[in-house]
Number of protein chains: 2
Amino acid sequence: MTSPAAAKPIRTAITDEDGIDFAIIELFFFAYRDFTSDPDQILADYGFGRAHHRVLHFVNRRPGLTVAELLDVLKITKQSLARVLKQLIDTDHIVQVQGPRDRRQRELYPTAKGRALALALARPQSRRIRAALEDSGTTERATIERFLEAMVNPELRAQIDIVPAQTSGKNHGDH
Amino acid sequence: MTSPAAAKPIRTAITDEDGIDFAIIELFFFAYRDFTSDPDQILADYGFGRAHHRVLHFVNRRPGLTVAELLDVLKITKQSLARVLKQLIDTDHIVQVQGPRDRRQRELYPTAKGRALALALARPQSRRIRAALEDSGTTERATIERFLEAMVNPELRAQIDIVPAQTSGKNHGDH
DNA sequence: AAATTACGTCAATAGTACTGACATAATTGC
DNA sequence: GCAATTATGTCAGTACTATTGACGTAATTT
């Protein structure tokens with residue numbers, strides 16, 4: 001420690017003065033850390049990890065999506081998905097159905113078991129969000145939604161839109 | 001596929017109707033995914049990962065924090081921190097200084113090099129935030145800050161407060 | 001002097017990700 | 001109909017981040 005040619009320590013804290021929005025950067029880090037810690041607890045009981053959660057979530061959100069579409073949303077490789085998906089299929093959380101038009105494709109659907117787990121995982125997260133929005137009205141909620149959406153890469157923003165409100169158009173058709 | 005006793009696929013999407021705030025859950029996921037992708041690019045050039053970024057960030061934010069304090073903020077184990085911290089010290093991004101009162105402690109400080117890297121990593125994140133807040137006023141910003149803060153576990157909310165505004169009290173003294 | 005604390009380190013393991021290569025089946029293009 | 005392409009699956013090898021458990025050292029506290 002304090003080795004011979006050690007560079008000098010800087011003793012002042014980095015702050016927003018440096019022109020960087022550290023306040024929100026840090027808040028975002030802490031918020032996401034705790035946001036994911038809720039489902040992590042439950043997943044541990046199943047021997048699952050965060051990767052299983054993400055797969056389960058999107059299969060429940062967009063039932064019938066293909067493996068390729070899932071890879072695109074998650075931004076991981078086929079090999080990374082393989083193990084996780086196999087485990088979810090083996091444990092009857094997800095089923096594969098041969099694509100109707102293209103029989104090479106496997107459409108992924110949740111089972112009742114998979115739907116239940118997805119809901120169980122989302123419940124504490126939703127509770128946390130509701131608590132955080134406690135005294136907020138529609139305006140505040142809209143502000144937060146707009147902010148989060150604007151944080152997403154514009155090219156990828158399409159992914160969000162796939163499950164619209166709830167009543168509107170079933171789907172956007174193909175691309 | 002569609003094996004003998006396969007459970008039946010559910011073909012309807014999970015929605016907010018299930019009493020769960022999937023809209024924000026999903027937005028939060030996408031927003032954080034892209035938020036962290038910016039620095040990940042830069043880190044790759046150094047052979048560093050996300051863990052290095054977090055350590056570098058907090059050492060710059062709270063210069064002089066001890067190893068134990070850092071473990072507490074990051075919520076990881078000593079062994080996990082060890083390799084990452086060692087690499088940052090070996091590459092002259094961080095220096096250790098013997099604790100003044102307690103010589104067992106190692107206070108961690110960034111070097112000029114470590115400060116520069118921390119700023120470089122934060123810059124694209126801050127740019128993304130600024131863009132997302134583009135048309136927002138003070139009210140909207142406050143709403144977002146309040147929301148993010150409320151998403152953090154109350155017990156841990158103290159961690160956020162350590163670097164106050166910028167001018168106010170240097171530190172809260174010891175707890 | 002003994003117990004505790006702060007830190008470092010070694011060994012073994014796990015989860016999530018990666019790249020590259022190759023196989024199979026189905027579809028498409030000519 | 002045959003070749004090329006596409007969708008998916010799988011094998012092998014590797015990397016990073018994280019874990020638990022055990023042990024060592026130095027400094028402080030009791």
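Since we're looking at a predicted model, the values are computed, not measured.
- Side chains of B:Arg128 and A:Asn153: a donor on one and an acceptor on the other come within 3.5 Å.
- By the 4.5 Å heavy-atom criterion applied to side chains, B:Leu108 and B:Gln96 are counted as neighbours.
- Residue A:Lys78 is the one, among B:Arg50 and A:Lys78, whose nearest nucleotide of DNA chain D lies closer to the 5' end (criterion: closest heavy atom).
- Atom CD in A:Gln87 sits roughly 8 Å away from atom P in C:dT16 (whole-Å rounding).
- Of the candidate nucleotides C:dT9, C:dG8, C:dT16, C:dT16 has the atom nearest to the side chain of A:His52.
- Of the two residues near DNA chain C, A:Asp102 and A:Ser80, the one whose nearest nucleotide lies more 5' is A:Ser80.
- The interatomic distance linking A:Arg54 (CZ) with C:dT16 (P) rounds to 8 Å, in whole Å.
- B:Phe35 places none of its side-chain heavy atoms less than 4.5 Å from the side chain of A:Leu148.
- Atom pair B:Leu81:CG and C:dT9:P shows a separation of 11 Å (rounding to whole Å applied).
- Between B:Asp135 and A:Arg146, no side-chain nitrogen of the basic residue sits less than 4.0 Å from a carboxylate oxygen of the acidic one, so the salt-bridge criterion is not met.
- DNA chain D is contacted by no residue of residues 38-49 of chain A, taking any non-hydrogen atom closer than 4.0 Å.
- Atom CG in B:Leu65 sits about 14 Å away from atom P in C:dA6, given to the nearest Å.
- Between A:Gln105 and C:dA25, a side-chain N or O to OP1/OP2 separation shorter than 4.0 Å is absent.
- At whole-Å resolution of the value, CG in A:Leu85 and P in C:dT16 are 13 Å apart.
- Side-chain nitrogen and oxygen atoms of A:Arg83 include none within less than 4.0 Å of the OP1 or OP2 phosphate oxygen of C:dG15.
- Counting only heavy atoms from C-beta outward, the side chains of B:Thr91 and B:His52 never approach each other to under 4.5 Å.
- A:Ile76 places its CD1 atom 13 Å from the C1' atom of C:dG15, with the value rounded to the nearest Å.
- No N or O donor and acceptor, one from the side chain of B:Lys86 and one from the base of C:dG8, sit under 3.5 Å apart.
- Side chain of B:Arg104, nearest nucleotide from C:dT5, C:dA17, C:dT19: C:dT5.
- The footprint of chain B on DNA chain D, defined by a heavy-atom cutoff below 4.0 Å, extends from D:dT17 to D:dT28.
- Between A:Arg103 atom CZ and C:dT28 atom P the separation is 11 Å, expressed in whole Å.
- Regarding A:Gln79, its CD atom lies at a distance of 15 Å from the P atom of C:dA23, rounded to whole Å.
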